[in-house]
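Side chains included, hydrogens not; waters and symmetry mates left out as well; all remaining heavy atoms used. In this chain, numbering begins with 1 at the start of the sequence shown.
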Amino acid sequence: MTEIKDSQETKDKLLPQEARWELKISILNITLSKNKKSYSYSYKDIIAIDKIKENKDLYSVKLTFSNNKYSQIFAVNENNNVILKNFLSKEATNLVNLFKKYQNKINKLKELILNILEWHNGLIKTSDIIFKRLGFLSFSTQEQEIKPIFEHKPQDKDNLFADKDIKKLLELTQKDFSKNQKHALNAYNQDYKKFCKLYNEYFTSQIINNNKLFFDKIEKSPLTGEQCRAVVNLNDRVLLNASAGSGKTSTLIAKVAYLTMFNICNPDEILILSFNAKTVEEISARLNTRLGNFIPNIANIVKVKTFHAFGRELIHYFTGKYPHVAPYLNSNDAAQSTYFKNFIDSLYDASAIFRRRLFIFKEVLNNYLYVDEEHNLTLHAKAIEKIFYTLNLNQTMYGSSIKSFQQDDKKIHVINLIEDKVIVLGTTKYKTTKTVLAYFTTEECKNFLYLKKLPQLIRKGFQDLIQKDSLTHPLQLLDKYLLKRFKKNDLLDQFSSLMQTFFCLSKNSLKSPTLLLNLVNKHDSEFSLRDKSFLYLFKFFYEKWVKHLNGNIDFEDMLHLSTNLIEQNKIILPFKYILIDECQDFSLSRARLVQTVLKYTPAKLFAVGDDWQSINRFSGSELTIMTEFEKYFGKFDLLKLEQTFRCSQDLCNISSNFIQKNHIQLKKNVKAVNNYNEKTPVKIIEQNNPLESKYALRKTIEKIIQDHSNQPLSIFYLDVITKIKN
């Protein structure tokens, strides 16, 4: 409201002392008041306000109403006019100007809202077409088709929506808006990402509600709300973080059913990748059981493969022939290990270089010593820690058993070296930060062959002995001793196991022997002689192994070769959807294969896994591919299955609290669907001797059975047998 500036004294002299109609104008309304009674009108009720001169100093103000419905309040003439008398000149002028000013703003607001409505209709029309075509406003369509619409939305050139009175006016008139007008204004004030999120949520909810029979019957049990939302989410990249026992396989099967039965894509445009043949068989059987009546033989139409089988098919697709697979891969794990050991054994027999380098690695560098300032023989652990974590490999040295655990925010690594010698990396009770030093006496050092002066030997250039094939005295005299002694112990068994594991890990981690050696041989490298010794051994083994395979390839080669062929040929593969099971077991080589397929094929990725169940680090799985999903596959929707059918809420709480102490893990709030009334699922019972323990175990099992007499029950008993020393 604008204040009238005429002086009250002048007004009192000119006007008769009687009650008059007063007129007040604001952006919200026009108010007439008299005798403490007020009447407010909107701008649509009054067409015009004009001033009429009565004499030299006084004016009348004429209000023209849109109709005569106000005649009961005050006199309205035949032209729907109301004449208000006795206004000062400046007062009347201000009232007329205020009306024109606010009427102009409101007219502009009306024009802007009409433009917004037209813009919104186009936005909804485009969104509906996309959703009907693709079933979702995905990230790519948002950027390509929705974002440009938001970039060209009507401009509020007069900053009307920043005007406080306009905001108040809109708030007061919202109730009079149609649903479409409200949606239009809401969309106008959002960014395109929020609009697409709300649009997807609304229409996918409609799909779920309108197709309840499908979601209730597609699997043995009705899908939960979480499962339904995962099934209908068709964004470009989706990661489903599924709790144990939450029905991830059911969700995967329902996803295939939704894609095919709702005509989103054809069955042969779906690729499902899993990590072992057993899971592939299970998924295939479930597809035939649940969908076979609708799509006969669907498991053979949808491509369900292990990563290695998929790699093998890609090689055939690009080259026209299947690769020859190393014969040992067709056997079980035990037979594969035996095959590997036999090769190491033959290599040891045939190569003096290999024997000597293995001796350096085992006997000399297994206890890499140096003399500190106090002339104590100390074990240097910093370099071991460095190679272990920098190269991102699980185990790099024979004679070492590596365990890691999290305490507060500090990672502790315990490494057991030979026999009873132990070092600890990290924070320990000794309050060291990087290295705990294991001390050896001079007498202990004498037990090592030719190593009475071990510290001096190392400092005088043991590096040269490791790298050169022509080794000097005394190592060249070791052959007879090595051939005899090392055949009598388990060295080769242990070393072949280490080499097999390292071989698999290095390939899965995309690290060749040459790359590894370049890393440790850099000028500023802090890696130890022992690290280099092992990697020279590995490089020697690797070259002999490749030659031994004679053109055959192993499982990891299938992944690398198929990935390279896609990159070389740049061919678009016929897939619209790629579904991945157990994605917590992703290795870098598997991730690279999927990345390359997605690079040249506009397929959508739906990955299911549980980072809490990642236990295959020894075989190359890299958990960060799941916990840092965007880094590998781009922007994604993170969904969760937090309802579990497997255990009680008490057990869920205990396990969840324990696992989430590790800040790296993805967060989940696991909720039990079934109530097992299991108030103390974890118990610790301490006994002094085996007889008491056996009795306590029996009583505990009896109590469990008694407490669950009316419920299905299974008990898994794991016994750890230890030798008791007298």
Worksheet item: Where the side chain of Glu219 meets the backbone of Thr251, is there a donor-acceptor pair that is under 3.5 Å apart?
Response: no

Item to complete: Quick one: list whatever passes salt bridge (charged side-chain N to carboxylate O under 4.0 Å, His left out) with Asp236, sequence neighbours left out.
Response: none

Worksheet item: Is Lys248 salt-bridged to Glu582, cutoff N-O under 4.0 Å?
Response: yes

Discussion item. Using 30° and 60° as the class boundaries, would you call the ring planes of His120 and Phe195 parallel, tilted or perpendicular?
Written reply: perpendicular

Worksheet item: Can you check whether Leu573's main-chain N or O pairs, donor with acceptor, with Thr601's side chain at less than 3.5 Å?
Response: yes

Item to complete: Side-chain contact test, heavy atoms from C-beta onward, threshold under 4.5 Å: evaluate it for Ile301 versus Thr260 and give yes or no.
Response: no

Worksheet entry | Heavy-atom side-chain contact between Ser138 and Asn200 under 4.5 Å | no

Discussion item. Could you check whether atom NZ of Lys193 has more than 12 heavy atoms from other residues, nucleotides or ligands sitting under 6.0 Å from it?
Written reply: no

Worksheet item: Please walk me through it: do Ser127 and Ile146 pass side chain to side chain contact (heavy atoms under 4.5 Å, CB included)?
Response: CA-CA 7 Å; Ser127 301; Ile146 303 299; 3.6 Å; yes

Discussion item. With a sphere of 6.0 Å drawn around CZ of Phe161, does it hold more than 12 non-hydrogen atoms of other residues, nucleotides or ligands?
Written reply: yes

Discussion item. Can a side-chain donor-acceptor contact be found between Tyr192 and Glu151 if the only test is distance below 3.5 angstrom?
Written reply: no

Practice prompt. For residues Phe555 and Phe307, establish whether the separation of their ring centroids is below 6.0 Å.
Written response: no

Discussion item. Within the supplied structure, the quantity of interest is the number of heavy atoms (other residues, nucleotides, ligands) at a distance under 6.0 Å from His316 NE2; does it exceed 12?
Written reply: yes

Worksheet entry | Residue pair Leu198 / Tyr202, side-chain heavy-atom distance below 4.5 Å | no

Fill in: Side-chain touch Arg229/Glu201, heavy atoms, less than 4.5 angstrom
no

Worksheet item: Can you check whether Leu291 reaches Met261 side chain to side chain, under 4.5 Å on heavy atoms?
Response: yes

Discussion item. Would you say NZ of Lys197 has more than 12 non-hydrogen atoms from neighbouring residues, nucleotides or ligands within 6.0 angstrom?
Written reply: no

Worksheet item: Relative to each other, are the rings of Tyr188 and Trp119 parallel, tilted or perpendicular (30° and 60° limits)?
Response: perpendicular

Worksheet item: Does a side-chain N-to-carboxylate-O contact under 4.0 Å join Lys278 and Glu282?
Response: no

Worksheet item: Aromatic ring centroids of Phe262 and Phe214 under 6.0 Å?
Response: yes

Worksheet item: Is the backbone of Cys196 close enough, under 3.5 Å, to the side chain of Gln142 for a donor and an acceptor to pair up by distance?
Response: no

Item to complete: Answer yes or no for Lys255 and Phe606: cation-pi contact, defined as NZ/CZ to six-membered ring centre under 6.0 Å and angle to ring axis within 45°.
Response: yes

Worksheet item: Is the gap between the ring centers of Phe633 and Phe586 under 6.0 Å?
Response: yes

Worksheet item: Would you find a donor on one side and an acceptor on the other, under 3.5 Å apart, between the side chain of Asp156 and the backbone of Leu160?
Response: yes

Discussion item. Please determine whether a side-chain nitrogen of the Lys or Arg among Glu145 and Arg133 lies less than 4.0 Å from a carboxylate oxygen of the Asp or Glu.
Written reply: yes

Worksheet item: Does the side chain of Ile106 reach to within under 4.5 Å of the side chain of Leu169, using non-hydrogen atoms?
Response: yes

Worksheet item: Quick one: does Lys305's side chain get under 4.5 Å of Leu273's, heavy atoms only?
Response: yes

Worksheet entry | Within-4.5 Å side-chain heavy-atom neighbours: Leu605 and Phe636 | no

Worksheet item: Is the NZ atom of Lys570 crowded by more than 12 outside heavy atoms at less than 6.0 Å?
Response: yes

Worksheet item: Should the heavy atoms of other residues, nucleotides or ligands under 6.0 Å from NZ of Lys125 be counted, would the total exceed 12?
Response: no

Practice prompt. Could you tell me whether Arg237 and Glu630 have a side-chain N and a carboxylate O separated by less than 4.0 Å?
Written response: no

Worksheet entry | Mutual orientation of the aromatic rings belonging to Phe203 and Phe131 [parallel < 30°, tilted 30-60°, perpendicular > 60°] | tilted

